[in-house]
Number of protein chains: 2
Amino acid sequence: MSRRPVMSDVAARAGVSHQTVSRVLNGHPHVSATTRTRVLAAIAELGYRRNLSARVLATGRSNVVGVVAQNTTLYGPSSMVQAIGEAALGADLSLTVGHVAGYDATAASRRIVERLVQQGAAGLVFIAPVDAAAESMALVPSGLPIVTVDGLPEWEVANVSVDQYAGGMLATRHLLDQGHKTVWHVAGPEQWHGSRAREQGWRAALAEAGAQAPPMPRAGWSAASGYQCGRMLARIPDCTAIFAANDHVALGVMRAMAEHGKRIPDDISLIGFDDVPEAGYFHPGLTTIRQEFAEVGRQALRLLLEQLATGARSAESALVEPVLIGRDTVAARPA
Amino acid sequence: MSRRPVMSDVAARAGVSHQTVSRVLNGHPHVSATTRTRVLAAIAELGYRRNLSARVLATGRSNVVGVVAQNTTLYGPSSMVQAIGEAALGADLSLTVGHVAGYDATAASRRIVERLVQQGAAGLVFIAPVDAAAESMALVPSGLPIVTVDGLPEWEVANVSVDQYAGGMLATRHLLDQGHKTVWHVAGPEQWHGSRAREQGWRAALAEAGAQAPPMPRAGWSAASGYQCGRMLARIPDCTAIFAANDHVALGVMRAMAEHGKRIPDDISLIGFDDVPEAGYFHPGLTTIRQEFAEVGRQALRLLLEQLATGARSAESALVEPVLIGRDTVAARPA
DNA sequence: AGGCGGATTGTGAACGCAAACATGCGTGCC
DNA sequence: GGCACGCATGTTTGCGTTCACAATCCGCCT
């Protein structure tokens with residue numbers, strides 16, 4: 001056999017017309033049981049697979065949704081993709097995930113969006129935790145439904161995020177509640193919306209308590225950068241409570257503190273963000289703010305399906321509440 | 001405008017035939033400069049995007065490679081996907097990543113493979129660290145090039161893996177070299193080829209040194225399961241050297257040891273596997289075996305491109321050498 | 001002057017499928 | 001017994017693109 005069998009090959013083999021094969025394939029009514037089994041048998045014998053391109057071309061519908069994601073080795077983004085995939089399984093949707101990789105993220109994401117659009121994706125989900133994502137969104141034809149995850153309200157598209165602002169407040173208040181005079185914050189990268197919101201939540205909680213906001217060192221998301229910041233903070237006697245940008249940064253801070261002879265939580269209380277699976281096994285177990293990614297995925301898909309149904313873009317958005325996970329790194333203020 | 005513009009719309013607007021538009025789009029020669037600019041202008045004005053389905057249908061070529069991946073929140077698999085994406089950027093290939101998610105991995109991966117095939121993918125990459133992957137590979141038509149990553153030799157398809165066996169030996173030898181009488185191993189999940197190979201490397205290194213292989217507890221890949229195993233090992237006085245299935249398991253072990261008053265590396269030497277970015281910031285910094293994922297990605301794409309060129313499947317495979325990263329969890333055997 | 005060749009453009013068909021329409025046949029009802 | 005209706009199936013058309021081929025135009029050689 002030289003080339004892949006097509007519908008008419010199956011039809012010939014089963015002794016019917018190609019349209020009957022099509023009907024069987026699509027579960028249309030008005031096909032007799034015997035015909036159906038004959039067709040099915042022919043399909044199996046020939047190893048026939050229908051050509052999706054032809055199908056999409058003929059129907060004009062593709063029911064695949066494209067996902068544009070970057071930094072997919074990070075815990076947050078990879079969990080998001082996973083959650084969306086999980087949620088899409090239920091709806092009759094297929095997912096095509098474009099992973100933005102490489103040094104030139106802008107060019108790569110343009111390229112991915114372009115392909116997704118040309119492929120006829122029914123809708124697009126942007127995992128857009130950084131500003132750069134907005135630019136490639138402009139490439140999307142105006143009719144196509146879009147949902148962002150961790151996007152910005154001013155983009156005026158449907159969006160779902162974890163309420164990072166609330167998370168920042170939660171963390172800060174928890175520390176303040178233990179009697180700490182103020183709380184230091186090791187911030188995440190400036191380009192990430194999440195780190196900005198967490199910072200604002202932190203500031204708001206401090207202001208609300210009448211506490212002074214100390215200077216704010218800035219880390220990446222990595223333990224390495226947390227460690228660098230921690231080495232500074234360890235030398236500041238006033239610093240007794242730290243809210244770290246995420247769990248890995250917190251790990252770096254813990255390391256720096258240990259090297260400096262500062263005990264956690266005795267000398268310093270620490271709280272992270274994310275609740276990565278291993279956070280409970282840090283030494284000591286990390287108190288942190290957990291994000292419910294699965295819920296975010298479900299919401300994102302819900303918003304997309306709504307747009308698919310109405311045929312119009314919406315700017316509706318959803319917020320998912322973070323929750324505090326108490327473990328061993330937070331204690332009452334040292335005497 | 002009701003529907004998306006098509007090639008003939010562009011042609012009409014530019015005052016040429018649709019074929020000329022096609023030529024411009026595909027960079028064919030023999031189009032005058034003035035015509036080209038007119039066409040380009042019309043494309044821009046109309047916001048035209050070509051319909052990939054139609055193109056694939058007409059040409060029979062798709063130049064997209066499908067990636068089938070699961071457990072994509074784990075460090076290894078997600079790094080692999082990233083690396084392959086990185087490598088594909090160079091070649092004129094697009095990537096469609098299907099993430100197997102959900103409770104029923106078998107059904108999900110069948111579905112993903114099916115769609116990738118129907119979509120006309122030019123080749124498939126299976127991130128196949130577990131046996132279950134083989135089953136969905138059987139669904140792929142025999143003509144389609146396949147490359148597995150972390151697959152099994154007996155599958156007889158092109159494969160690239162990190163040499164986990166060598167990694168296991170490396171880790172074990174390193175511990176033995178410090179004077180430990182033997183090395184304990186906390187194994188990874190049995191279904192994963194990588195954990196089996198690491199175990200075999202461990203056994204081989206022990207045998208080579210004439211050391212007895214102690215009983216082997218089995219963990220998942222998580223810190224939680226490492227912790228459980230660690231709680232047992234901590235009570236065994238003879239246990240002075242541990243090779244953990246991966247870094248997170250090692251973290252759990254560390255936690256258990258600390259709770260039990262065992263000091264690392266003074267009482268117990270420990271070595272992990274993977275070199276996750278934060279491994280150096282565990283307390284103490286974890287000595288581990290690093291896998292070069294970027295290299296694996298490059299090799300995988302190379303093998304795929306070769307098959308694409310020759311048009312025939314190969315069973316050629318490539319091994320990537322792991323490397324020992326020495327940090328603070330390994331010390332000479334306690335007196 | 002005729003025509004030849006290369007550059008440029010247009011025309012018709014084909015890709016594989018699904019939708020709309022058309023056909024044939026049996027059944028129930030008056 | 002004839003007619004209408006519904007089921008099962010076949011035929012035709014079109015989706016948007018590319019490919020193979022045809023047609024035109026221009027300059028230049030013989």
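Residue numbering restarts at 1 for every chain, and letters A, B, ... go by the order of the sequence lines.
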Integer-rounded Å distance: C/dC15 P and A/Arg4 CZ: 15 Å
Nearest to side-chain heavy atoms of B/His18, which nucleotide of D/dT17, C/dC17, D/dG10: D/dT17
Between C/dG16 (P) and A/Tyr48 (OH): distance, integer Å: 10 Å
Proximity to the side chain of A/Ser32 - top-ranked nucleotide from D/dC15, D/dA8, C/dT8: D/dA8
Candidates D/dG16, D/dC19, D/dG14 - which lies nearest the side chain of B/His28: D/dC19
Closest to the A/Thr20 side chain, choosing from D/dG10, C/dA18, D/dT17: D/dG10
Sugar-phosphate, base or nothing in reach of B/Ser17, heavy atoms under 4.0 Å: base
Upstream residue (5' side of DNA chain C) when B/His30 and B/Ala54 are each assigned their closest nucleotide: B/His30
Donor/acceptor link under 3.5 angstrom from A/Gln19 side chain onto base of C/dC17: no
Protein-nucleotide distance (A/Met7, atom CE; C/dA14, atom P), rounded to Å: 20 Å
No-H, no-angle donor-acceptor pair, A/Arg23 side chain to D/dG10 base, under 3.5 Å: yes
d(CG, A/Leu25; C1', C/dA18) in whole Å: 11 Å
Ion pair A/Arg298/A/Glu295, N-O distance below 4.0 Å: yes
Short side-chain to backbone donor-acceptor contact, A/Arg313 and A/Leu144, under 3.5 Å: yes
Length of the line joining A/Leu52:CG and C/dC15:P, which is rounded to integer Å: 19 Å
Touch class at under 4.0 angstrom, heavy-atom based, for B/Arg36 against every strand present: nothing
Short side-chain N/O contact from A/Asn51 to OP1 or OP2 of C/dC15, under 4.0 Å: no
Nucleotide D/dG16, atom P - distance to CZ of A/Arg61 in whole Å: 14 Å
Touch class at under 4.0 angstrom, heavy-atom based, for B/Val56 against every strand present: nothing
Per A/Arg50 side chain, nearest of listed nucleotides C/dC17, C/dT11, D/dG16: C/dC17
B/Asn26 side chain vs B/His28 backbone, donor-acceptor pair below 3.5 Å: no
Value in whole Å for how far the C1' atom of D/dG14 lies from CG of B/Leu57: 12 Å
Distance in angstrom units between A/Arg55 CZ and D/dT17 C1', rounded: 20 Å
Over 12 foreign heavy atoms within 6.0 Å of CD, B/Glu156: no
Heavy-atom donor-acceptor pair, A/His99 side chain to B/Gln82 backbone, under 3.5 Å: no
Side-chain H-bond candidate by donor/acceptor type, A/His18 with A/Ser8, under 3.5 Å: no
Nearest-nucleotide 5' precedence on DNA chain C, A/Thr59 against B/Ala33: B/Ala33
Sugar-phosphate only, base, or nothing, as touched by A/Thr35 at under 4.0 Å among non-hydrogen atoms: sugar-phosphate
Closest to the B/Ser22 side chain, choosing from D/dT17, C/dA19, D/dT18: D/dT18
Short side-chain N/O contact to D/dT17 OP1/OP2 from B/Arg49, under 4.0 Å: no
